[in-house]
Amino acid sequence: MKSRFDGIVATVQSCLAAPAFPIEASPPPGSEPATATDAIVITRSLPYEGLLHEIVEHNGVLYLGGIVPEDAGLDMAGQADDVLRQLKTLLDGASSDLSCVLQVTIFVADLTDKAALNQVWKRYFAADHLPARAAIGVADLGPGVKLELTAIAARR
């Protein structure tokens with residue numbers, strides 16, 4: 001019997017091309033603490049200064065943080081298009097793509113703008129692969145900024 005999740009599972013499995021890492025038990029008390037040497041940090045030049053990396057990869061999973069529009073003077077549709085274009089560019093540079101996006105969190109300055117956001121969203125994400133998504137209303141994202149996006153994706 002086919003489940004409504006079969007297509008999503010197949011997409012996620014195809015994105016997880018990296019070899020599986022065995023789950024290890026916690027180290028015994030008194031042993032050396034785990035290190036983050038297996039984390040890979042990918043950066044690019046930012047349009048603003050910040051104490052962050054745009055992408056951190058760990059075990060084939062990409063964590064993308066703090067993507068904001070480059071032009072805060074645009075309306076919601078323009079800013080959404082800008083942010084989703086940046087997401088696509090970052091994923092392309094990290095050997096991934098939008099079909100590998102597993103989860104997105106969008107911080108929105110005005111939740112009444114969600115309709116404009118959703119119209120742009122449909123141009124970037126296929127109906128058969130919609131990542132888990134949350135939209136959270138926030139008081140302030142910076143002058144003119146209407147949304148900020150974080151995402152988790154698998155490496156293709």
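Only a predicted model underlies this, so the values are computations on that prediction, with no experimental measurement involved.
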- Query: Between the side chains of D82 and Q86, is a donor N or O closer than 3.5 angstrom to an acceptor N or O?
  - Reply: yes

- Task: Can you measure from CE (M76) to OG1 (T112) and round to the nearest 0.5 angstrom?
- Result: 8.0 Å

- Message: Would you say L74 ends up clustered with V68 if hydrophobic residues are merged whenever their side chains have heavy atoms under 4.5 Å apart, either directly or through other cluster members?
- Response: no

- Message: Quick one, I136 with I106, criterion side-chain contact (heavy atoms from CB on, under 4.5 Å). Give me CA distance, side-chain angles, the key distance, then yes/no.
- Response: CA-CA 6 Å; I136 302 166; I106 305 170; over 6 Å; no

- Heavy-atom donor-acceptor pair, H58 side chain to Y63 backbone, under 3.5 Å: no

- Message: Any heavy-atom pair between the side chains of S96 and L62 that's under 4.5 Å?
- Response: yes

- Please report the shortest heavy-atom distance between V145 and P69, naming the atom on each side. CG1-CD, 3.9 Å

- Note on the structure: Tightest non-hydrogen contact, residues A77 and V120, listed as O-CG2, 3.6 Å

- Where V101 and V104 come nearest, the two heavy atoms and their spacing: CG1-CG2, 3.5 Å

- Please name the pair of heavy atoms, one in A109 and one in L141, separated by the smallest distance, quoted to 0.1 Å. N-CD1, 4.0 Å

- Side-chain heavy-atom pair I152, L64 within 4.5 angstrom cut-off: no

- Message: Run the side-chain contact (heavy atoms from CB on, under 4.5 Å) test on I67 and T150 for me, step by step, so that the C-alpha distance in whole Å, both residues' side-chain angles and the decisive distance to 0.1 Å come before the verdict.
- Response: CA-CA 6 Å; I67 303 172; T150 67; over 6 Å; no

- Message: Tell me if a side-chain donor or acceptor on Q79 pairs with a main-chain N or O of A72 at a distance below 3.5 Å.
- Response: yes

- Item | Pair T105-Q103, side-chain donor/acceptor within less than 3.5 Å | yes

- Is it true that K146 and D75 have a side-chain N and a carboxylate O under 4.0 angstrom from each other? no

- Note on the structure: One should read off an interatomic distance between L147 CG and K114 NZ, to the nearest 0.5 angstrom, of 12.5 Å

- Query: Given E70 and R85, is the side-chain contact (heavy atoms from CB on, under 4.5 Å) satisfied, shown in steps?
  - Reply: CA-CA 11 Å; E70 292 175 345; R85 181 190 45 77; 3.6 Å; yes

- side-chain hydrogen bond (donor to acceptor under 3.5 Å, both in side chains) evaluation trace for S99 with R156: CA-CA 9 Å; S99 72; R156 177 159 295 288; 2.7 Å; yes

- Task: Indicate yes or no: at least one non-hydrogen side-chain atom of R123 is less than 4.5 angstrom from one of L84.
- Result: no

- So CD of Q119 and CG of D81: to nearest 0.5 Å the spacing works out to 12.5 Å

- Query: Is a salt bridge present between K88 and D92, judged by a nitrogen-to-oxygen distance below 4.0 Å?
  - Reply: yes

- Item | Smallest separation among heavy atoms of I55 and A94, with atom names | CD1-CB, 4.0 Å

- Applying side-chain contact (heavy atoms from CB on, under 4.5 Å), run through L87 and Y124 and close with a yes or a no. CA-CA 10 Å; L87 174 64; Y124 283 85; over 6 Å; no

- Closest non-hydrogen atom pair between D140 and G142, with its separation: OD1-N, 3.0 Å

- Message: With a 4.5 Å cut-off on side-chain heavy atoms, are L98 and F125 touching?
- Response: yes

